[in-house]
Student: 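Got a structure here, written out as structure tokens. Questions coming.
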Amino acid sequence: MLRAYSQYGPIFRVRALHLEYTIIAGLEANKFLAREGDRYLTVKKVYSGVATGLQSNNFILNHDGKKHRELRGILRRGYSKTAVIPSVPLIIRLTQEMARDWKKGERVFVVPALKRLITKQLGQVLLQYDPEGYFEDLQKFFTTTAETTVSNQLPEFVLKLPSFRHTQTRVFGLIDKVMAARAATPPDPARRTLIDDVLAAVDDQGQPYPPDLLRAAIIGTYIAGIDTVALTCSFAVYALLKHPNVWERVVAEVRPIFQRTSNPTMEDLKEMKVLHAALLENFRYYPVGPGAPRTAAEDFEFGGYRIAKGSNVLVGTGVTHFQPQFFPDPFTFDIDRYLEPRHEQRQPNIFVPFTVGEHTCLGAGMAEIQVMATIAALVNELDLTLDPPNYEVRYKTAPSRGPKHDLAVRVQ
Ligand code: HEM
């Protein structure tokens, strides 16, 4: 996108697989998404495969306008920073358990290990249930549904095939397990959870929502959270090890804090300014969602061109992350950008790892904390090296952007 942007400007067309996309990118495109995205762009076609897999008419990413705002209102608190802060010690403990399982001299593939960890964290933190035994099912459910209409790698009929039906039945069975566990332990009235909010929700007629809202919320948590958080953490492991000076600065900050307290909380995480800066740079340099896929809801103009209703549009939100007028020397991994006095992240519509506009990530606050706590615990537990030491990251782009599965570390 960057290369095409510098060649053709803020609007251009590409062919990918059998489809044509109009890409709009740069600051003006991000502003357009933020201010006019709800009017001119729709998510309906793009995320419909996921909604079909969920058999739900209440999947948040499949709605625009009023209905979307209603669903966002229901899920907001459950995914908020406030909801996750009390679970920081739990996130750290689960990460420590994983790290203590990695033996000295062992070679570990980072992406699958972190995907498993994040699946466990999301289940225990947000749904109060450990999805042990469902990891493969959740992965398959996510990739198959996302690869139909989000990245258009698969035809939609795969959602009707017996192999997907089997996965779907397994994943829906997880919902029964979550609800049975909840029934067995009476909810703590002092701590409302995502599920409490979903069960209590009523529509604009005052009627309770059908059960497909619960299905979309429970499975949607994994769909929205596993790859995004795990791939961000995987990039972070790579970036820290690739820049030994950054790794050393982070170690020098994090380890004394863990020595002081065996059970760090959010207050301790807040002291980790260097780690925070390193993770912001990781969000800039390695965005896992560098584009917002949409369909034109009506004809509109952008950059002097007319885009017809029904066109596939990709807003290349991440292009601004690499423009030198916003981030000097953009291809240098420089964590001091986010420290006094620079604070380059404070540029609206420019630093956008969670995109902008109506569909801005609802879990952004929670995700930042989850990534911080996970990487802090990992850095504290282990000395690692890339394996091989001169490894250069290779990317996969769909359905979410991340390092390829050959990213490996050696436990020292
Ligand atoms: C580093 C981690 C994460 C990144 C980079 C990320 C990124 C994004 C992006 C780019 C979108 C917008 C998609 C679009 O416009 O097409 C999005 C939406 C969303 N994210 Fe995240 N996400 C992360 C973690 C999470 C987590 C942990 C949750 C909750 C468990 C979550 C919940 C959501 C929800 C519910 C939406 C849909 C919002 C809406 O349609 O209004 N995300 N995320």
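Counting starts at 1 for both ligands and their atoms, following the listed order. As the structure is a prediction and not an experimental result, all values here were calculated from the model. Values reported hereafter were calculated over all heavy atoms of this structure, with side chains retained and with hydrogens, waters and symmetry mates removed.
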Student: If the contact criterion is a heavy-atom separation under 4.0 Å, does H63 count as touching ligand 1?
Tutor: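 Heavy atoms of H63 never come under 4.0 Å of ligand 1.
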Student: Should D38 and R69 count as an ion pair when the cut-off is N to O under 4.0 Å?
Tutor: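 R69 and D38: salt-bridged.
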Student: Under 3.5 Å, N or O to N or O, is Y79 touching ligand 1 that way?
Tutor: no
Student: Are R346 and Y338 in a cation-pi setup, meaning NZ or CZ lies under 6.0 angstrom from the ring centre and within 45 degrees of the ring axis?
Tutor: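 Relative to the ring axis of Y338, which defines the angle, R346 lies outside at least one limit.
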Student: Going by the order shown, which atoms of ligand 1 are within less than 4.0 Å of some heavy atom of E358?
Tutor: 41 (O)
Student: Is the ring pair F235/Y395 parallel, tilted or perpendicular, if the boundaries are 30 and 60 degrees?
Tutor: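 The rings of F235 and Y395 sit tilted, inter-plane angle from 30° to 60°.
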Student: Determine whether any heavy atom of H68 lies closer than 4.0 Å to an atom of ligand 1.
Tutor: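 For ligand 1, residue contact (heavy atoms, under 4.0 Å) with H68 is present.
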Student: Please confirm whether L126 comes under 4.0 Å of ligand 1, counting heavy atoms of the residue only.
Tutor: yes
Student: Answer yes if the side chains of Y305 and T22 hold a donor-acceptor pair under 3.5 Å, and no otherwise.
Tutor: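 No, because no side-chain N or O of Y305 sits under 3.5 Å from a partner of the opposite role on T22.
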Student: Does the side chain of D299 pick up a donor-acceptor pair with the side chain of Y40 at under 3.5 Å?
Tutor: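 Not at all, the side chains of D299 and Y40 share no donor-acceptor pair under 3.5 Å.
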Student: Please verify whether a non-hydrogen atom of F283 lies at under 4.0 Å from ligand 1.
Tutor: yes
Student: Given F142 and I226, is the side chain to side chain contact (heavy atoms under 4.5 Å, CB included) satisfied, shown in steps?
Tutor: CA-CA 9 Å; F142 168 68; I226 299 176; over 6 Å; no
Student: For T232, take its heavy atoms, then give the atoms of ligand 1 lying under 4.0 Å from any of them.
Tutor: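 Per the distance check, 1 (C).
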Student: Quick one: does T355 get within less than 4.0 Å of ligand 1, heavy atoms only?
Tutor: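 The answer is yes, since T355 has a heavy atom less than 4.0 Å from ligand 1.
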Student: Give every donor-acceptor pair under 3.5 Å between a side-chain atom in residues 172-181 and any protein atom, sequence neighbours left out.
Tutor:
from : atom 1 : to   : atom 2 : distance (Å)
K177 : NZ     : Y134 : OH     : 3.0

Student: If you count the atoms of ligand 1 from 1 in the order shown, which ones are under 4.0 Å from a heavy atom of V288?
Tutor: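 Checking each atom against V288, I get 5 (C).
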Student: Under a 4.0 angstrom heavy-atom cut-off, which atoms of ligand 1 come close to R294?
Tutor: 14 (C), 15 (O), 16 (O)
Student: Under 4.0 Å from a heavy atom of Y47: which atoms of ligand 1 are those, numbered in the order shown and with their elements?
Tutor: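 Answer for ligand 1: 13 (C), 14 (C), 16 (O).
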Student: Looking at F327, I'd like to know if the NZ or CZ of R284 sits under 6.0 Å from its six-membered ring centre while staying within 45 degrees of the ring's axis.
Tutor: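 Positive - R284 is close enough to the ring of F327 and near enough to its axis.
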Student: Which residues and atoms, protein N, O or S only, are under 2.8 Å from atom 21 (Fe) of ligand 1?
Tutor: C361 SG
Student: Go through N58 and L71 one step at a time and tell me if the side chain to side chain contact (heavy atoms under 4.5 Å, CB included) criterion holds.
Tutor: CA-CA 7 Å; N58 284 296; L71 293 170; 3.9 Å; yes
Student: When you measure from atom 38 (C) of ligand 1 to every protein heavy atom, which one gives the shortest distance, and what is it?
Tutor: R72 NH1, 3.4 Å
Student: If we ignore angles and hydrogens, is there a donor and acceptor under 3.5 Å between the side chains of H63 and E70?
Tutor: no
Student: Less than 3.5 Å apart, any donor N or O on the side chain of Q153 or S151 sitting next to an acceptor on the other?
Tutor: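 Judged by distance alone, the side chains do pair up.
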Student: Considering only non-hydrogen protein atoms, determine which one is nearest to atom 37 (C) of ligand 1 and report residue, atom name and distance to 0.1 Å.
Tutor: L61 CG, 3.7 Å
Student: Pick one of side chain, backbone, both or neither for how H359 approaches ligand 1, counting any non-hydrogen atom pair under 4.0 Å.
Tutor: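 Both parts.
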Student: Please step through ring-ring contact (aromatic ring centres under 6.0 Å, His included) for the pair Y5 and F12, ending with a clear verdict.
Tutor: CA-CA 8 Å; Y5 181 90; F12 46 93; 7.4 Å; no
Student: Below the 3.5 angstrom mark, is there an N/O of T221, backbone or side chain, next to an N/O of ligand 1?
Tutor: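 No: no nitrogen or oxygen of T221 is under 3.5 Å from one in ligand 1.
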Student: Counting only heavy atoms not in R255, do more than 12 fall under 6.0 Å of its CZ?
Tutor: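 Above 12, so yes.
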